[in-house]
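In this chain, numbering begins with 1 at the start of the sequence shown. From a predicted model like this one, the values you see are computed outputs, not experimental measurements. Atoms within each ligand, like the ligands themselves, are counted from 1 in listed order.
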Amino acid sequence: MAKHILILPGDGIGPEIIAEARKILEVLIAQGLVLSFSEGLIGGAAYEATGTPLPDATLADAKQADAVLLGAVGGPVWESLPMHLRPEKGLLGLRAELGLFANLRPAVLAPQLAAASTLKPEVVAGLDIMIVRELTGGIYFGQPRGIRIRDDGQREGVNTLVYSEHEIERIVRTACDVALQRDGRLCSVDKANVLECTELWREVATRVVREEYPEITLSHLYVDNAAMQLVKAPKQFDVIVTSNLFGDILSDCAAMLTGSIGMLGSASLNATGQGMYEPIHGSAPDIAGRGIANPLATLLSVAMMLRYSLAEPQVAQQIEAAVAAVLDAGLRTPDIMSPGMTEVSCQTMGDAVAQHLHGST
Ligand code: NAD
């Protein structure tokens, strides 16, 4: 049966970058990929049309789809709305409703863009790591939480770090499955020397790999050391798996190694392999409507979608190769422009990738 994708352009530059993704999907379909897609509303655009950032129809369509491809949500016009009507609530609601517990954040630095990093080119050129972050548990959701008043009148803030064995097992399994499609090396990051919760994390990760994934090479790092290693020698990593809080911080740190948020995609997966795919950047209202957004993070999100939810790793590779080819040809949107290169619009960049895909078959 044809796999179905729900496309949610969203706000700001969302519609512009998604138009380029649609172009790529149309080329792939014309080349024989059996795939269908439809579009829905989310975020500020959904609020304007229906009064809510996550309409029931969008949620129902998302649950039926094999994968969701999202542009971005948010913008200054909706910032004064009550919290439950803000565009970001649409995105958070969708993540929760689909049970997306695993967040995959690649940090890839194309050799052609090595100069964009703040680190020395020899430290980062060719960087290709994947951070797998637990997304629905840990200290962001643990109970009790809040700010309370103690008997002595002092206020105290409380959050709870809690992970069940089941939650650790499933995120480690996802990370192992990802590692099997790459170099087979997994580094589990914890703070097992101080936090009992992550002592359990380390124990469970070790057991899952030993019993279920003997072909994976597993290592462990404390989170403080992992942060140091990420900026000292980031290319030592293949896949990193970690908790919600540590992953939040480490994945942003790793993204910045690459110097450009316009180049990085992401995936959020649930237990059935269904996923939501989106660039890591936001709706960039400062450049929306000017045709200068970089669509490559979105196109690389499409490649992730083909690899992780649609079982088409070779087509994913074709997209990645086409992106590399346009960079080799010197095409750059303004955010990644450097001397001697050719500055192009969002649309021209998308056209160039589509053209390379045409040529690669
Ligand atoms: P942002 O990522 O939208 O933009 C940060 C900077 O990067 C801006 O200068 C922007 O022009 C630039 N930029 C981002 N994407 C780019 C691209 N593809 N090409 C070229 N330049 C790009 O972050 P922000 O400005 O903090 O947030 C803007 C809005 O986006 C807010 O409403 C925020 O809530 C929302 N947001 C949404 C998501 C999401 O939908 N997943 C994520 C983050 C922020």
Side-chain angles (χ1 to χ4, degrees), residues 6-21 24 40-48 53-54 58 62 68-96 98 100 103-106 108 110 113 116 133 135 247-249 251-252 255-256 258-268 275-302 304-305 323 326-327 331-338 341 343-350 353:
L6 176 65
I7 298 182
L8 303 173
D11 310 316
I13 60 170
E16 301 165 45
I17 53 180
I18 283 292
E20 303 314 311
I24 297 307
L41 290 167
I42 195 162
Y47 171 76
E48 297 299 339
L54 180 55
T58 299
V68 177
L69 179 66
L70 181 118
V73 298
V77 276
W78 301 293
E79 269 166 16
S80 52
L81 284 173
M83 197 57 92
H84 69 286
L85 294 177
R86 291 201 195 153
E88 292 76 5
K89 277 286 168 196
L91 185 52
L92 295 175
L94 201 50
R95 283 181 185 154
L98 295 178
L100 304 171
N103 185 223
L104 275 53
R105 285 270 302 259
V108 178
L113 302 180
R133 165 189 171 192
L135 201 57
D248 192 2
I249 298 164
S251 61
D252 270 8
M256 273 304 104
T258 72
S260 168
I261 59 173
M263 293 294 302
L264 296 175
S266 77
S268 302
M276 181 151 83
Y277 296 81
E278 52 183 315
I280 68 158
H281 57 74
S283 60
D286 54 334
I287 58 166
R290 292 169 51 196
I292 58 170
N294 185 345
L296 295 181
T298 312
L299 303 191
L300 292 169
S301 300
V302 172
M304 291 184 79
M305 178 172 77
V323 168
V326 299
L327 293 175
L331 302 193
R332 302 284 188 271
T333 43
D335 58 309
I336 52 171
M337 183 58 190
S338 60
M341 300 295 128
E343 190 167 305
V344 296
S345 67
C346 179
Q347 199 184 338
T348 305
M349 188 62 108
V353 174

Heavy-atom closest contact ([X] atom, [Y] atom, distance):
{"X": "M276", "Y": "E278", "value": "CE-OE2, 4.0 Å"}
{"X": "N103", "Y": "R105", "value": "OD1-CG, 3.5 Å"}
{"X": "G44", "Y": "D11", "value": "N-OD2, 2.8 Å"}

Min N/O separation G75 to ligand 1 under 3.5 Å: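 Yes, at least one N or O pair falls under 3.5 Å.
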Under 3.5 Å: N/O of V73 near N/O of ligand 1: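 Yes, at least one N or O pair falls under 3.5 Å.
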Whether R332 side chain and L327 backbone form a donor-acceptor pair below 3.5 Å: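 Yes; judged by distance alone, with no hydrogens or angles, the pair exists.
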Per-residue contact class, E79 against ligand 1 - non-hydrogen pairs under 4.0 Å: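 Looking at E79 and ligand 1, no heavy atom falls under 4.0 Å.
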Near [X], which atoms of ligand 1 are under 4.0 Å from a heavy atom of that residue?
{"X": "G282", "result": "1 (P), 2 (O), 3 (O), 30 (O), 36 (N), 37 (C), 38 (C), 42 (C), 43 (C), 44 (C)"}
{"X": "I261", "result": "2 (O), 7 (O), 14 (C)"}
{"X": "A72", "result": "40 (O)"}

Nearest candidate to atom 16 (C) of ligand 1, where distance is taken over non-hydrogen atoms, out of I13, I280, D335: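 Among I13, I280, D335, the closest heavy atom to atom 16 (C) of ligand 1 comes from I13.
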Proximity flag A293 to ligand 1, non-hydrogen atoms under 4.0 Å: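 Yes, A293 has heavy atoms under 4.0 Å from ligand 1.
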Any protein heavy atom nearer than 4.0 Å to atom 9 (O) of ligand 1: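 Yes, because at least one protein heavy atom sits under 4.0 Å from atom 9 (O) of ligand 1.
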Closer than 4.0 Å: a protein non-hydrogen atom to atom 26 (O) of ligand 1: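 For atom 26 (O) of ligand 1 the answer is no, since every protein heavy atom stays at 4.0 Å or beyond.
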